[in-house]
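Inspection log for the structure reproduced underneath, given as structure tokens.
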Amino acid sequence: MPRTRTILHVDLDAFFVSCELLRRPELRGKPVVVGGGHESHPGDLRQPGRGVVAAASYEARAFGVRSALPLGRALALCPELVVLPVEIAEYARISQLVFAIFAEFTPLVEPGSLDEAYLDLSGTEALTGSGVAAAQLISQRLDQELGLPCSVGVATSKIVAKVASDLRKPRGLVVVTPGEEAEFLAPLALERLPGAGPKTTAKLHLLGIDTLGKLASAPTRLLEETLGPNAGALQRRAQGVDPSPVHASGVPKSISREETYSQDLQARDELEDRIVILSAAVGSRLRASSLVARSVTIKMRFANFETVTRRRQLPEPSCADHELQAGALELFSESWSEAKAVRLLGVGGEGLTEFRQLSLFEEGGERDERLDVALDDLRGRFGGRSIARGTGSLDAPLDWNRDHLRPLTER
Ligand SMILES: [Mg+2]
């Protein structure tokens, strides 16, 4: 039986606004939003007509003002609203102080964004007390040392911890006891589950499923018929089952490159060339970060704005251009037809791991990856975008290929 984990999801409350209030304490208790390009106070003639709310104080939320609401609409709901411009560099600076506190509790911290993170405290309980005690201590320290309020969920998995942290904001602490995950989730609305987007929840509502408990106990076959092959994964999350590990910072979840074309592309060979190039760019980034990807993804947006993403597992976790390219090209030929003009194309690597953790440098594989590292090195030394392996080139015509470089790696 797997050991029980202790995972915290810490989420700062109205983070951008909280950051602003640190230097503008006179605005405490007032309806405040961050958003738009310039400051505006009630009665100002120059109103911030454009832009959207990036964050709203709880006083503003009482008027129905929410993130992503256009500023004009927010002001209509709440004429007393104070609007502050977004100072993202300042929030990033404060975020580093927040993460420095997290790091004192565990090395296993996975950032979700500037203001939220998962902390895996499994096995550190002896040092930090129980997960609950650690949660209390973290929120106390954020409050006393930085003046920032937060909400924390404590559970045995990321998904349950995340739902818990969101449940009693602001300054919430919600603890889900091991074994009670399904019970905790059951009465909650579907929309509480990260990953259950509006399309998914609308389809589930049509089946009479409006709570996580109903989703958890619905026949999986029925869900798959309605939602497709990923329904089982969603259902397990609704049951509180989520074995996904907390990825320490430094290991991103995915690395991707995408480009939008000024004129839609429709020729197969042109599209394949771009995929080869994008894959090489992803490979290069992976190698620069000492990462390998377990799967490759492509993303295509067509002229009518329909967007498809496809994923395929690689035979072995890899950072080799040719593996990524082969996977991406297969995905492409499976999901593109001649009639479709493409306005955006992306390639990504997912399921990332640091490559020294894996024994993947076996016959052949090792040489290929060394070759790619050599290519990266040359790209770096010769000002960059002139070398690509195989077909396609980054900008210039192909001036090197892998055979030219093979001697470099066969020392
Ligand atoms: Mg937050």
Side-chain angles (χ1 to χ4, degrees), residues 7-24 27-36 51-69 74 81-103 105 109-120 134-155 157-176 188-189 191-197 246-247 249 252-253:
I7 293 176
L8 269 53
H9 183 254
V10 185
D11 187 1
L12 281 87
D13 301 325
F15 178 62
F16 292 0
V17 173
S18 301
C19 290
E20 292 294 346
L21 294 180
L22 293 177
R23 50 185 183 177
R24 301 159 183 266
L27 295 178
R28 277 188 196 283
K30 296 193 172 159
V32 176
V33 297
V34 170
V52 295
V53 173
S57 71
Y58 287 87
E59 291 81 1
R61 292 182 201 197
F63 290 85
V65 173
R66 296 271 181 281
S67 293
L69 200 66
L81 198 62
V82 176
V83 180
L84 301 174
V86 181
E87 300 282 359
I88 199 78
E90 172 67 2
Y91 316 148
R93 183 188 70 79
I94 296 174
S95 172
Q96 289 183 348
L97 306 175
V98 170
F99 278 81
I101 291 180
F102 295 161
F105 287 81
V109 177
E110 177 180 331
S113 65
L114 282 182
D115 77 319
E116 61 178 277
Y118 296 99
L119 281 64
D120 188 339
Q136 285 167 332
L137 198 53
I138 287 170
S139 75
Q140 207 174 62
R141 289 193 54 187
L142 290 173
D143 198 12
Q144 289 172 0
E145 293 171 31
L146 304 177
L148 298 170
C150 73
S151 296
V152 190
V154 184
S157 68
K158 283 161 70 176
I159 188 85
V160 178
K162 169 124 177 134
V163 172
S165 74
D166 198 43
L167 210 55
R168 302 236 175 91
K169 280 180 145 297
R171 295 183 186 276
L173 170 59
V174 174
V175 181
V176 183
L188 302 178
E191 290 74 11
R192 288 275 178 191
L193 191 70
V246 172
H247 293 282
S249 57
K253 281 185 194 152

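Counting convention: from 1, in listed order, for ligands and their atoms alike. Nothing here was measured: the structure is a model prediction, and the numbers come from that model. Counting from 1, the numbers follow the sequence of the chain as shown.
By the salt bridge (Lys or Arg N to Asp or Glu O under 4.0 Å) test, R171 is found to be paired with D143, residues two or more places apart in sequence or in another chain being considered. With sequence neighbours excluded, no residue forms a salt bridge (Lys or Arg N to Asp or Glu O under 4.0 Å) with R61. By the salt bridge (Lys or Arg N to Asp or Glu O under 4.0 Å) test, D13 is found to be paired with K169, residues two or more places apart in sequence or in another chain being considered.
Panel note: side chain S57, backbone K30; a donor-acceptor pair is recorded below 3.5 Å. With hydrogens and angles ignored, the 3.5 Å screen pairs a side-chain donor or acceptor of S18 with a backbone N or O of A14.
Just one of E110, K158, E116 meets the side chain to side chain donor-acceptor pair (under 3.5 Å) condition when paired with H9; it is E116.
Shown here are the protein N/O/S atoms lying under 2.8 Å from the Mg ion (ligand 1), water excluded: D11 OD1, L12 O, D115 OD2.
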